[in-house]
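What follows is a set of notes on a single structure, which appears directly below.
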Amino acid sequence: MSELGGGAPQKSPTVTLNSGAAIPQLGLGVWQATDSETEGAVAYALGEAGYRHIDTAAAYGNEAGVGRGLATSGVPREDIFLTTKLWNSDQGYQRAFDAFDVSLDKLGVDYVDLYLIHWPLQDRDRLLRTWEALEEIVASGRAKSIGVCNFEPHHLEFLADRGSILPAINQVELHPHLPQHQIRSAAAGLGVAVQSWSPLGGTANAGWGQDSKPNTLLTDPAIAAIAGRHGKSPAQVLIRWHLQNGLIVIPKSAHPERIAQNIDVFDFDLTDVDLAEIGTLDDGARVGLHPDEMNLGAPE
Ligand SMILES: NC(=O)c1ccc[n+]([C@@H]2O[C@H](COP(=O)([O-])OP(=O)(O)OC[C@H]3O[C@@H](n4cnc5c(N)ncnc54)[C@H](OP(=O)(O)O)[C@@H]3O)[C@@H](O)[C@H]2O)c1
């Protein structure tokens, strides 16, 4: 990383992935931010708030906004950890290469730090061919690491068995209502890092169709009480819970004051009592869809 880069100093510690790359443990998610909101959020996060890790996806429709935000932030490209994802309709060997080129073009970069398969889908042969394309992309240096999202243990075991490269990351829905102990245990056994999506409990009516759920974590009384004890916000308590559990976390906000608040979490620790109380919130409630029941956009 550059010593003389622009922007506020990096605030998050890094985690070393099985690819050897260092990823800032806390990054900014941009799902459901419009292209222009994303540009402002990314520029602010990198330039003023001290983030160095941005998580987007082709399906979010805001890769161009991410690219403009990167460019105006003043932070050198090599200091930024940039993730994008391959959407379901682009699964397959040749489609994956084509989609990757489109993403690089929209982002205005010549490499990404992490390229993820967005969903496992149910067609195992196609999934494997997609992964073979990602293995060639990482070998070419145009992605520094490759990984997956929403993989259940059986999907991870399949790729570990049939692929040549292990995913660096499995990005899954994960928060105190859904701590994903089985996925974390399977990933730890293989040396795959786990990244939490909807870490604050997600956005109300997030576009999951009839299954959309309100966010109940940011207003949970137990989280509010812990926040009160530390003089912090519920969002900051939730982010500490992820960090202290060794998870990589990408809370989303399009508002500067929240973007700043969400990275102002390195001056306090949750106690063992706090962590045990948060542990009681595990009720298996999802805000998104179960990966085994989701095949949206799968190619014919
Ligand atoms: N791989 C996948 O399949 C997948 C799926 C879902 C999400 N993701 C990734 O994970 C990221 C995070 O997940 P998410 O966007 O679903 O949900 P989230 O980060 O859990 O929650 C975002 C919601 O919390 C609000 N918020 C943020 N900071 C706050 C604060 N300090 N105080 C109060 N409210 C706050 C945001 O509102 P404002 O924006 O209005 O501030 C937004 O409504 C996404 O952006 C995306 O990058 C990946």
Side-chain angles (χ1 to χ4, degrees), residues 26-34 36-38 40-42 44-45 49 51 53-63 65-66 69 81-88 114-121 147-152 155 167 169-178 180 183 194-209 211-220 223-224 227 232-242 247-265 285-291 293-297:
L26 172 56
L28 177 75
V30 296
W31 184 37
Q32 296 176 98
T34 64
S36 71
E37 282 174 340
T38 299
V42 168
Y44 177 80
Y51 288 72
H53 169 185
I54 306 295
D55 182 272
T56 186
Y60 301 169
N62 56 22
E63 289 175 307
V66 169
F81 193 101
L82 176 61
T83 301
T84 195
K85 313 185 189 88
L86 177 85
W87 183 237
N88 304 349
L114 179 64
Y115 196 44
L116 299 175
I117 293 181
H118 209 143
W119 285 89
L121 301 187
V148 297
C149 303
N150 303 301
F151 268 40
E152 291 292 308
H155 298 115
I169 274 188
N170 186 16
Q171 183 183 113
V172 296
E173 180 179 347
L174 201 159
H175 43 69
H177 283 311
L178 188 69
Q180 300 275 28
I183 286 177
V194 176
Q195 187 170 37
S196 309
W197 65 252
S198 289
L200 307 179
T203 304
N205 303 314
W208 293 106
D211 289 331
S212 290
K213 308 269 181 22
N215 182 314
T216 55
L217 276 176
L218 285 168
T219 53
D220 185 278
I223 301 290
K232 290 285 182 179
S233 73
Q236 289 170 314
V237 166
L238 290 164
I239 292 164
R240 278 283 343 152
W241 178 84
H242 292 274
L247 298 159
I248 302 163
V249 59
I250 44 170
K252 176 263 175 182
S253 179
H255 295 100
E257 68 284 3
R258 288 177 174 174
I259 292 171
Q261 182 194 117
N262 291 350
I263 202 166
D264 179 21
V265 291
R286 290 176 186 274
V287 293
L289 299 174
H290 192 291
E293 292 160 13
M294 153 73 184
N295 217 28
L296 185 69

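Below, all heavy atoms of this structure are taken into account, side chains as well, without hydrogens, waters or symmetry copies. When a ligand or atom number is given, it counts from 1 through the structure's own listing order.
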Where the side chain of [X] meets the backbone of [Y], is there a donor-acceptor pair that is under 3.5 Å apart?
X	Y	result
Thr34	Glu37	yes
Ser233	Gln236	yes
Asn215	Thr203	no
Lys85	Val148	no

Atoms of ligand 1, numbered as shown, that sit under 4.0 Å from any heavy atom of [X]:
X	answer
His118	1 (N), 2 (C), 3 (O)
Gln261	30 (C), 31 (N)
Pro251	19 (O)
Asn150	1 (N), 2 (C), 3 (O)

Within reach of ligand 1, part of [X] (heavy-atom separation under 4.0 Å):
X	answer
Lys252	both
Val30	backbone
Val287	neither

I want to know if ligand 1 touches [X] in the polar sense, i.e. an N/O pair below 3.5 angstrom.
X	answer
Pro199	yes
Ser253	yes
His255	yes
Leu200	yes
Ser233	no
Gln171	yes
Cys149	no
Asn262	yes

_By the definition side chain to side chain donor-acceptor pair (under 3.5 Å), identify the one residue from Thr38, Thr56, Thr84 that meets it with Glu63._
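Of the listed residues Thr38, Thr56, Thr84, the side chain to side chain donor-acceptor pair (under 3.5 Å) partner of Glu63 is Thr84.
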*Are Trp31 and Asp55 close enough that a side-chain donor and a side-chain acceptor fall under 3.5 Å?*
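Per modelled atom types, Trp31 and Asp55 side chains form no pair under 3.5 Å.
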*Pairing residues for His242 by the ring-ring contact (aromatic ring centres under 6.0 Å, His included) criterion, not counting sequence neighbours*: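 With neighbours one apart ignored, the set is empty.
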*asked:* Given Pro251, which partner from the list Ile259, Leu238, Leu200, Ile263 fulfils the side chain to side chain contact (heavy atoms under 4.5 Å, CB included) test?
replied: Leu200
*Quick one: does Gly288 get within less than 4.0 Å of ligand 1, heavy atoms only?*
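It does not, in that no heavy atom of Gly288 comes within the 4.0 Å cut-off of ligand 1.
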*What do you reckon, does Gly202 put a non-hydrogen atom under 4.0 Å from ligand 1?*
yes
*How would you list, by chain and number, every residue that makes a salt bridge (charged side-chain N to carboxylate O under 4.0 Å, His left out) with Lys252, sequence neighbours excluded?*
none
_Counting only heavy atoms, tell me which of Asp55, Ile117, Thr203 gets closest to atom 42 (C) of ligand 1._
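Result: the heavy atom closest to atom 42 (C) of ligand 1 is in Thr203.
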*Just do the side chain to side chain contact (heavy atoms under 4.5 Å, CB included) check on Val172 and Cys149 with the steps written out, would you?*
CA-CA 6 Å; Val172 296; Cys149 303; over 6 Å; no
*Shortest non-hydrogen contact between Leu121 and His155, atoms and distance*: O-NE2, 4.3 Å
